[in-house]
Visitor: 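I have a structure I would like to understand better, so I am pasting it below and will then ask my questions one at a time.
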Amino acid sequence: MIHMHAIPASLPHTADQPRMAYLTNTEVDASGKVRAIHSHHDITEIGLVYAGQGFHVIDGHEYRSEPGDLILYNTDMLHQDLALHADAPMRFFLCGISNIRLRSLPLGHIAASPSDYVVSSGPYFDFLLHGFEAI
């Protein structure tokens, strides 16, 4: 199940400013049918797992996630999200952002190294979850 909310292209913005392109509320199983391996040339993604456990292939590395984990995808990075267990789906919010630029990282990068692709939100989980729900 994917619920996608896109930002209309007609909203005013300048080409060099970051811009949210979409926000999805996604549920995946372990089959890979919903989210095949893919990449985005001009979109950086930030995911927040809020239910179930996940198995992620990101740039050739394998990761596991649980509720409260942030999943970070740089542009042009092959990735796929699956539920870890066949009988329990994983649910997560996924926000796509174009033109993101952070200090000391290339355009479109939010994670500096493979150790940064999956990080725990720790005590900020409720705050982040409520933020995603509000958007």
Side-chain angles (χ1 to χ4, degrees):
M1 164 181 50
I2 299 175
H3 301 285
M4 179 176 266
H5 304 280
I7 306 304
S10 62
L11 289 178
H13 71 285
T14 61
D16 60 342
Q17 289 181 321
R19 182 170 188 271
M20 186 172 78
Y22 54 83
L23 177 67
T24 67
N25 185 356
T26 304
E27 177 181 300
V28 296
D29 59 23
S31 73
K33 292 179 183 174
V34 175
R35 294 189 52 84
I37 194 160
H38 63 284
S39 68
H40 309 278
H41 177 67
D42 59 349
I43 299 288
T44 304
E45 291 181 318
I46 302 170
L48 177 66
V49 177
Y50 67 88
Q53 294 179 310
F55 175 79
H56 310 269
V57 178
I58 307 171
D59 200 28
H61 299 71
E62 296 179 355
Y63 302 89
R64 292 186 179 192
S65 66
E66 59 186 35
D69 285 346
L70 289 164
I71 316 298
L72 307 176
Y73 309 97
N74 294 330
T75 57
D76 293 318
M77 181 174 289
L78 283 173
H79 59 279
Q80 182 178 34
D81 309 297
L82 305 166
L84 184 60
H85 304 291
D87 60 343
M90 177 188 64
R91 293 180 179 96
F92 64 108
F93 284 106
L94 190 62
C95 181
I97 304 167
S98 63
N99 212 35
I100 194 165
R101 181 178 297 276
L102 302 177
R103 283 189 203 134
S104 75
L105 293 177
L107 178 67
H109 285 229
I110 194 166
S113 71
S115 64
D116 298 329
Y117 296 158
V118 178
V119 295
S120 173
S121 64
Y124 302 104
F125 174 59
D126 286 337
F127 175 79
L128 291 168
L129 180 61
H130 293 303
F132 274 104
E133 290 172 338
I135 293 172

Visitor: Over all heavy atoms of both residues, which pair between Ala30 and Ala83 is shortest? Give the atoms and the distance, please.
Guide: CB-O, 3.5 Å
Visitor: Give me the atom names and distance for the closest heavy-atom approach of Gly52 to Pro67.
Guide: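 Taking Gly52 first and Pro67 second, the nearest heavy atoms are O-CD, 3.1 Å.
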Visitor: For the residue pair Ala21 and Ile43, what are the closest heavy atoms and their distance?
Guide: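 What the structure gives for the nearest pair is CB-CD1, 3.7 Å.
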Visitor: Yes or no on side-chain contact (heavy atoms from CB on, under 4.5 Å) for Arg19 and Ile97, after CA distance, side-chain angles and deciding distance?
Guide: CA-CA 5 Å; Arg19 182 170 188 271; Ile97 304 167; 5.9 Å; no
Visitor: Taking the side chain as every heavy atom from C-beta outward, state whether His38 and His79 have any atom pair closer than 4.5 Å.
Guide: yes
Visitor: Give a yes or no on whether the backbone of Thr44 and the side-chain of Thr75 come within a donor-acceptor separation of less than 3.5 Å.
Guide: no
Visitor: Would Leu105 end up clustered with Leu107 when hydrophobic side chains under 4.5 Å apart are linked, directly or stepwise?
Guide: no
Visitor: Supply the atom-to-atom distance Ile46 CD1 to Ile71 CD1, rounded to the nearest 0.5 angstrom.
Guide: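 CD1 of Ile71 is found 11.5 Å from CD1 of Ile46.
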Visitor: Do Val28 and Phe92 have side chains that approach each other closer than 4.5 Å (heavy atoms only, starting at C-beta)?
Guide: yes
Visitor: Distance from Leu72 atom CG to Ile58 atom CD1, nearest 0.5 Å?
Guide: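 It is 8.0 Å, given to the nearest 0.5 Å.
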Visitor: Measure the spacing between NE2 of His40 and OG of Ser98 and express it to the nearest 0.5 Å.
Guide: 12.5 Å
Visitor: Check Asp59 against Met77 and note the closest heavy-atom contact, atom names and distance.
Guide: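 Closest approach of Asp59 to Met77, heavy atoms only: CB-CG, 3.5 Å.
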Visitor: Do Glu27 and Met90 pass the side-chain contact (heavy atoms from CB on, under 4.5 Å) test, and can you show the C-alpha distance, the side-chain angles, and the key distance before you say yes or no?
Guide: CA-CA 6 Å; Glu27 177 181 300; Met90 177 188 64; over 6 Å; no
Visitor: Please round to the nearest 0.5 Å and tell me the distance separating atom CD of Glu66 and atom CD of Gln53.
Guide: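 Spacing of CD (Glu66) from CD (Gln53) equals 6.5 Å.
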Visitor: Side-chain donor-acceptor contacts of residues 121-135 below 3.5 Å, not counting sequence neighbours, with atom names and distances?
Guide:
from, atom 1, to, atom 2, distance (Å)
Ser121, OG, Gly68, O, 2.6
His130, ND1, Glu133, OE1, 3.4

Visitor: Quick check: closest heavy atoms across His56 and Arg64, and the distance to 0.1 Å?
Guide: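 Minimum heavy-atom contact is CD2-C, 4.4 Å.
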Visitor: Kindly compute the distance separating CG (Leu94) from CG (Asp81), expressed to the nearest 0.5 Å.
Guide: 7.0 Å
Visitor: Quick check: closest heavy atoms across Pro114 and Tyr63, and the distance to 0.1 Å?
Guide: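 Scanning both residues, the minimum pair turns out to be O-OH, 2.9 Å.
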Visitor: Can you measure from CG (Leu82) to OG (Ser65) and round to the nearest 0.5 angstrom?
Guide: 10.0 Å
